[in-house]
Amino acid sequence: MATQPRRARRRQGELEGQVLGALREADGPVTAAWVQERLGGDLAYTTVVTILTRLLAKDVVSRERRGRSFVWTPTADVARLAALRMRRLLDGERDRDAVLTSFVTALPPHDEQVLRALLEVADTEAGTPERGAPLGQHARGQHAPGQDAPARRSFGTAAGETDT
């Protein structure tokens with residue numbers, strides 16, 4: 001008796017990313033059947049519809065009724081979808097400051113530079129002159145009154161140095 005080789009399980013969110021990627025490659029609104037075919041057809045039609053519905057709930061796709069079915073259009077890219085997953089994970093943690101601290105201090109130098117530049121742009125747009133301040137000292141990252149601020153890496157320091 002021949003056995004089918006077992007497929008590796010997809011990473012969490014991988015299928016959503018593939019579906020959104022397929023939608024972004026389309027020339028316009030497409031059906032779930034089109035997405036299913038684009039992804040190789042090994043997924044059940046109902047699975048594709050479920051993923052599209054989840055993406056709709058996350059506000060990264062839109063749908064419009066055409067006849068008896070819907071056509072789907074992306075409203076965001078795969079990067080936004082990944083950012084939503086990151087945010088959901090962060091929102092589920094009790095000690096948000098500790099999670100952010102651990103994440104930021106483990107960033108490779110290039111990612112740190114990108115994050116620093118993004119924070120500087122956000123500070124400039126918000127009208128705050130706090131460029132170069134440690135992450136925890138920005139208005140959006142302040143710790144609760146009466147609590148000691150956790151040790152944080154300053155983006156103004158060289159990689160590996162900390163600012164407490």
Side-chain angles (χ1 to χ4, degrees), residues 6-26 32 35 38-39 43-44 46-64 70 72-164:
R6 189 168 205 161
R7 281 185 35 176
R9 185 169 172 88
R10 289 184 179 90
R11 295 181 322 234
Q12 185 175 359
E14 183 178 355
L15 187 53
E16 287 181 347
Q18 290 173 346
V19 169
L20 186 57
L23 286 175
R24 293 197 51 86
E25 292 175 6
V35 173
R38 185 70 169 187
L39 295 178
L43 294 173
T46 55
T47 300
V48 174
V49 171
T50 297
I51 296 301
L52 286 165
T53 304
R54 288 180 185 168
L55 293 172
L56 180 66
K58 293 175 182 181
D59 202 28
V60 294
V61 301
S62 64
R63 72 179 179 189
E64 177 183 324
F70 290 103
W72 303 83
T73 305
T75 59
D77 59 11
V78 176
R80 171 144 165 76
L81 183 59
L84 287 170
R85 282 195 302 269
M86 291 167 60
R87 176 69 186 263
R88 187 174 59 226
L89 285 171
L90 183 59
D91 288 346
E93 293 297 323
R94 230 181 42 221
D95 191 350
R96 188 181 191 101
D97 283 356
V99 173
L100 282 170
T101 299
S102 180
F103 176 75
V104 170
T105 58
L107 289 174
H110 174 74
D111 291 349
E112 177 185 330
Q113 291 168 354
V114 170
L115 183 56
R116 178 175 169 71
L118 291 169
L119 288 171
E120 287 179 2
V121 167
D123 285 344
T124 301
E125 290 174 358
T128 58
E130 300 173 347
R131 292 184 197 175
L135 181 62
Q137 294 180 11
H138 291 276
R140 67 185 154 284
Q142 291 178 346
H143 57 280
Q147 288 183 329
D148 292 329
R152 297 220 169 116
R153 180 166 156 189
S154 169
F155 288 115
T157 61
E161 296 179 33
T162 59
D163 186 22
T164 55

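The first residue of the sequence shown is numbered 1, and numbering continues consecutively from there. Just so we're clear, the structure is a prediction, and the values are computed from it rather than from any experiment.
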**Report entry** Main-chain N/O of Ala76 paired with Arg24 side-chain donor or acceptor, under 3.5 Å
**Finding:** yes

**Report entry** Minimal non-hydrogen separation, Val61 against Leu52, with atom names
**Finding:** CG2-O, 3.7 Å

**Report entry** Nearest heavy atoms of Ala22 and Leu39, plus distance in Å
**Finding:** CB-CD2, 4.2 Å

Query raised in the report: Would you say Met86 and Phe103 make side-chain contact, with heavy atoms under 4.5 Å?
Result: yes

**Report entry** Which atom of Leu56 lies closest to which atom of Ser62, heavy atoms considered
**Finding:** CD1-CA, 3.9 Å

Query - Rounded distance (nearest 0.5 Å) linking atom CG of Asp59 with atom CG of Leu84 - result: 8.5 Å

Requested in this report: Could you tell me whether the side chain of Thr47 and the main chain of Leu43 form a donor-acceptor pair under 3.5 Å?
Outcome: no

Report summary line: One should read off an interatomic distance between Gln113 CD and Leu107 CG, to the nearest 0.5 angstrom, of 11.0 Å

Report task. Any chance you could measure Leu20, atom CG, to Arg80, atom CZ, to the nearest 0.5 Å? Result -> 10.5 Å

Requested in this report: Measure from the side-chain N and O atoms of Ser102 to the backbone N and O of Val99, and report whether any donor-acceptor pair falls under 3.5 Å.
Outcome: no

**Report entry** Distance, nearest 0.5 Å, that separates CG of Leu100 from CD of Glu93
**Finding:** 10.0 Å

Report task. Start with the C-alpha gap between Asp91 and Arg96, add the side-chain angles, then the distance that decides, and say whether side chain to side chain contact (heavy atoms under 4.5 Å, CB included) holds. Result -> CA-CA 7 Å; Asp91 288 346; Arg96 188 181 191 101; 2.8 Å; yes

Query raised in the report: Roughly how far, to the nearest 0.5 Å, is OG1 of Thr75 from NZ of Lys58?
Result: 12.5 Å

Report task. Could you please spell out the steps behind the side chain to side chain contact (heavy atoms under 4.5 Å, CB included) verdict for Leu81 and Arg85? Result -> CA-CA 6 Å; Leu81 183 59; Arg85 282 195 302 269; 3.5 Å; yes

Query raised in the report: Which atom pair, heavy atoms only, marks the closest approach of Ala32 to Val49?
Result: CB-CG2, 3.8 Å

Query - Spacing of CG belonging to Asp111 relative to CZ belonging to Arg116, to within rounding of 0.5 Å - result: 15.0 Å

Query raised in the report: Ion pair present between Arg54 and Glu16, side-chain N to carboxylate O less than 4.0 angstrom?
Result: no

